[in-house]
Amino acid sequence: MNAGEVLRVAWQGVTVNKPRSVLTTLGILIGVAAVIILVAVGTGSSKAVQDQISRLGSNTLTVTASSTAAGGRGGAAGGLFFPGGGGGGDTTSQNATQSRTPEITMEDARAIAEASETDEASAVLGVAPVVSASSVTAAYDGASHSVGTFTGSTPAYLLIDNSVVAEGRSFTDSEYTAHRRVALVGTSVAEDLVGSDVSDIIGEQVSFNGITFEVVGVLEAKGSAGPQDQDDRVIAPATAVQDTLAGYGPIGSIEIKATSADTVDLAQSQVETILDGRHGVTAADRDYDVQNASSILDAATSSNRTFTVLLGAVAAISLLVGGIGVMNIMLVTVTERTREIGIRKAIGARRGDIVGQFLAEAVLLSLFGGAVGVVVGLVGSHFTIVGVQPVVAPYSVVLAFGVAVVIGLVFGLYPANRAASLRPIDAMRYE
Amino acid sequence: MSDPVIRVERLTKVYGHGEAEVHALAGVDLVVAQREYLAVMGASGSGKSTLMNVLGCLDTGSSGRYLLDGVDVRRLVDRQLSYVRNRKIGFIFQSFNLIPRTTALRNVELPLAYAGVPVAERRERALAALDRVGLADRVKHLPSELSGGQQQRVAVARAIVTDPVLLLADEPTGALDSHSTADVLALFGELADEGRTLVVITHEDAVARHAQRIIGMSDGLIVSDTRSLEAV
Ligand SMILES: Nc1ncnc2c1ncn2[C@@H]1O[C@H](COP(=O)(O)OP(=O)(O)OP(=O)(O)O)[C@@H](O)[C@H]1O
Ligand SMILES: [Mg+2]
């Protein structure tokens, strides 16, 4: 018998009991669709993170208080190093108590900024302290908007953050030092407050949690990175933000731009030297972290890979369960059709003919389930899932479909062989 | 005269072990020449079907020899046995044994498909065989849409479509009424006249009368072997 005929006979076998075949197919379908969608979710979330980080630019550094060094260690280290070591400037908050939690201050930022004028931090192009205020609501003329991120910084922040003022102007150094309450708003904020003509907001007094800031500029739209709207933000002078919304405590982070992508490592070591001196720590017991975009990217990528692998594994298990479903149904089919197998052998079917027939049925089931599963997976990947826009990974489609067909072969082989090895007389006597 | 189609020597078949041992065949010797039309008779349980299954290569004996067309069947491997069942033997069963949900034409084509006959030739030969048994107008019918007699005629068509040297029928008319029985017997008569070798198991004297030679079985042994008067 040729391949076409084997397929035709197999098709006949599959369609004899349609509901059963459809249910069996469903197992494979769900497995394949799950693999495609879950891997797409993993890929999508890692792509979102990558986009976000690459938007920062490759020559930026971020200094944050060390999260791992928080708590206990502070006591010993502080006691040991602060009385003698310690940098100049304001260390009141650190000296006030023997035990300190790691923190980054405005003065750290200022020290780096000053050093960048000299050879001490020659590779540093710009420095911007970042003060964040959370749960800020903007109100203007009856309209209100909950601000995604409210950042206090220096004018240099725009350069480091690759942000551009689209309408109006940025705030100036003199406004910064004068603690002027001026603000730059993202397009999402502006649109919510004054409608689509965002330039209307320039020069207006907008209230943020009851504190009035004058909007002097609108930031150019950046679009969204994954679930996060990058235009839902407000930037204001850090001085004014500390006065009003954030308080004078430690700051969130220091953003630093190196003179070029090649000097990032040099800038990092210069910054570390300055901060080590100021904090009285060494490389071994640093209470802060300096991260560059690529190290953040690496960390995010590896954690995302783990996530994707886990999702894929869960989906693979459901595919396996689908395969067992195929095997189960094929065993039932072989049992039901034992007599038919006997008759076929009595009129001259070879072992290979019988194996081929039942194997073809199993593969047909899994092929069909796999094909519909691919369609469902591709369609399903168009929807946003738990805030992530899935990105279909081509390899997952090929892999899931391939595995589905292989599962049909592997799980079909046992029942098919069982059918073929029956002696004709035993098969025909079977009731 | 050339090789006999069937040569059986001291053939036994034992089912079960120990206490439950049943000697379904207890040492059968039988030679069937080409062009013979043989009827096998005997009481229920005398071993007729067991013998037939061995002759049809559906089963193997416990001891003894069986030469089909001069070839010792015991020496054949699985693949060769399939070939023998396909080309040398046509089997007709009491319960028709057509493949369900498959048209009469497809059923008759099937042995040719397993033989690797090209599609067009297969169709032509299957249609000829169906025409031969008088079912040219029922080729597209499913077994469930045919009467018992018609189903058995499809089975005969399927058995003869590969031009086998040996036709075996185990109570082919057992499930048929007298009219259908007459149809099938007429067919057998024609096939015998064409020079095919036929072995037919039957309980009915009327059926056996059509044969040239009748053997009687009892307790796994051949106890009588007579040539019918008509044939002499
Ligand atoms: N698969 C089997 N297992 C055990 N014993 C069997 C088997 N098949 C047949 N027998 C026994 O072998 C003996 C011969 O059976 P067989 O079917 O050949 O009889 P038969 O002559 O065809 O009878 P009938 O005319 O009723 O069809 C019987 O005693 C039967 O019980
Ligand atoms: Mg019998």
Side-chain angles (χ1 to χ4, degrees), chain A residues 1-21 329 332-361 364 413 416-431, chain B residues 13 15 24 49-50 52-61 77-103 106-119 122 142-143 154-155 157-162 164 168 170:
Chain A
M1 285 219 266
N2 61 39
E5 281 185 279
V6 170
L7 275 184
R8 200 177 69 180
V9 173
W11 175 252
Q12 219 175 16
V14 166
T15 47
V16 162
N17 196 330
K18 286 196 192 74
R20 192 166 80 185
S21 297
I329 282 307
V332 172
T333 303
V334 164
T335 308
E336 276 180 356
R337 287 158 64 188
T338 302
R339 249 178 89 81
E340 179 192 322
I341 294 166
I343 297 166
R344 285 178 184 273
K345 293 196 96 170
I347 60 173
R350 284 169 302 245
R351 202 187 152 78
D353 293 321
I354 304 292
V355 172
Q357 182 186 337
F358 286 93
L359 210 52
E361 275 190 32
L364 215 57
L413 209 55
N417 256 312
R418 221 173 90 149
S421 55
L422 289 168
R423 289 195 316 154
I425 191 68
D426 295 334
M428 284 202 299
R429 280 217 190 99
Y430 186 89
E431 288 302 336
Chain B
K13 177 75 187 180
Y15 288 113
S49 294
T50 306
M52 199 64 129
N53 291 335
V54 174
L55 294 183
C57 295
L58 301 180
D59 204 353
T60 47
V77 297
D78 201 57
R79 218 185 150 72
Q80 293 167 316
L81 277 174
S82 295
Y83 177 88
V84 166
R85 289 182 203 122
N86 188 237
R87 310 292 168 84
K88 298 208 166 179
I89 298 165
F91 217 119
I92 298 153
F93 304 89
Q94 177 173 4
S95 50
F96 322 137
N97 278 346
L98 297 178
I99 308 270
R101 297 174 293 270
T102 303
T103 62
R106 281 288 300 158
N107 260 289
V108 178
E109 279 180 346
L110 210 50
L112 297 174
Y114 289 131
V117 174
V119 176
R122 201 190 292 175
L142 298 176
V154 173
R158 186 177 66 183
I160 62 174
V161 78
T162 53
L168 301 173
D170 190 347

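Lettering follows sequence order; numbering is per chain, from 1.
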Do chain A and chain B have donor-acceptor pairs under 3.5 Å, and which are they?
residue	atom	partner	partner atom	Å
A/Glu5	OE1	B/Arg122	NH1	3.3
A/Glu5	OE1	B/Arg122	NH2	3.0
A/Glu5	OE2	B/Arg122	NH1	2.2
A/Arg339	NH2	B/Asn97	OD1	2.4
A/Arg344	NH1	B/Tyr114	OH	2.9
A/Ile347	O	B/Asn86	ND2	2.9
A/Ala349	O	B/Ser82	OG	3.4
A/Arg350	NH2	B/Tyr114	O	3.4
A/Arg423	NH1	B/Asp59	OD1	3.1

(request) Calculate, to the nearest 0.5 Å, the distance between atoms CG and CD1 belonging to B/Leu58 and A/Ile343 respectively. (result) 11.5 Å
(request) Between chain B and each of A/Ala349, A/Ala427, A/Gly352, count heavy-atom pairs under 4.5 Å; write down the option with the most. (result) A/Ala349
(request) Select one option (side chain, backbone, both, neither) describing which atoms of B/Ile89 are under 4.5 Å from chain A's heavy atoms. (result) neither
